[in-house]
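Heavy-atom basis, side chains included; hydrogens, waters and symmetry copies ignored.
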Amino acid sequence: MGKRTKKVGITGKYGTRYGSTLRKLLRKIEVSQHSTYRCAFCGKDSIKRSCAGIWNCRSCRKTIAGGAYTLSTASAVTVRSTIGRLRKMQVEQP
């Protein structure tokens, strides 16, 4: 079977509705939420989204809380690094 869409990809289901800019934004979100991510526990690319914010690894059967459309959000990365930095400072103080 040949390629069905040349430019629009997964948002071809919306046809000409909603405007091109909104469809481009939606395409980025839908591609990220349907892709697989690497599991931090088993190291395999087998984490898939089950519902908004809940991610399941099909290999090791772990359930992870994350972002609604991506496994980790930008704010979560910032918080994680801040907590690590504060823990490191706490250990160094006598």
Side-chain angles (χ1 to χ4, degrees):
M1 198 157 86
K3 191 173 177 183
R4 291 185 299 252
T5 61
K6 187 172 183 179
K7 297 180 181 178
V8 293
I10 197 168
T11 55
K13 61 187 175 184
Y14 300 114
T16 58
R17 297 181 296 273
Y18 312 116
S20 64
T21 306
L22 289 177
R23 286 196 313 268
K24 285 175 190 171
L25 290 172
L26 193 62
R27 178 183 182 192
K28 186 172 75 168
I29 291 170
E30 286 193 11
V31 165
S32 67
Q33 82 179 19
H34 290 120
S35 62
T36 57
Y37 290 89
R38 177 151 298 151
C39 180
F41 300 100
C42 65
K44 294 182 181 175
D45 287 331
S46 59
I47 291 190
K48 295 241 353 145
R49 178 182 187 256
S50 65
C51 59
I54 305 208
W55 299 81
N56 291 323
C57 179
R58 291 178 285 164
S59 173
C60 64
R61 316 267 298 159
K62 294 261 187 190
T63 302
I64 302 165
Y69 306 118
T70 57
L71 181 59
S72 67
T73 60
S75 59
V77 171
T78 305
V79 167
R80 206 175 306 128
S81 67
T82 304
I83 289 173
R85 182 174 47 80
L86 292 173
R87 275 197 185 134
K88 186 177 171 185
M89 286 173 49
Q90 190 177 19
V91 168
E92 289 175 357
Q93 290 179 354

Would you say L71 and F41 are hydrophobically clustered, going by side-chain heavy atoms of ILVMFWY under 4.5 Å?
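In one cluster with L71: F41, yes.
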
Interatomic distance, CZ@R27 vs OG@S20, rounded to 0.5 Å, equals 12.5 Å

What's the separation between atom OG1 in T36 and atom NE2 in H34, rounded to the nearest 0.5 Å?
12.5 Å

Using the side chain to side chain contact (heavy atoms under 4.5 Å, CB included) criterion, which residues pair with Y14? Sequence neighbours excluded.
T11, Y18, R23, L26, E30

Please check if the number of heavy atoms outside R17 that lie under 6.0 Å from its CZ is greater than 12.
yes

Count the heavy atoms belonging to other residues, nucleotides or ligands that lie under 6.0 Å from NZ of K48, then report whether that count exceeds 12.
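Yes, enclosed.
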
Between [X] and [Y], which heavy-atom pair has the shortest distance, and what is it?
X	Y	value
S50	N56	CB-ND2, 3.3 Å
W55	T70	CZ2-C, 3.3 Å
R80	S72	NH2-CB, 4.1 Å
T73	G67	CG2-CA, 3.7 Å

Test item: C39 and S59 side chains (from C-beta on) under 4.5 Å apart, heavy atoms:
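No - every pair of side-chain heavy atoms lies 4.5 Å or more apart.
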
How would you list, by chain and number, every residue that makes a salt bridge (charged side-chain N to carboxylate O under 4.0 Å, His left out) with R38, sequence neighbours excluded?
D45

Would you check if the side chain of Y37 reaches a backbone N or O of S32 as a donor-acceptor pair within less than 3.5 Å?
yes

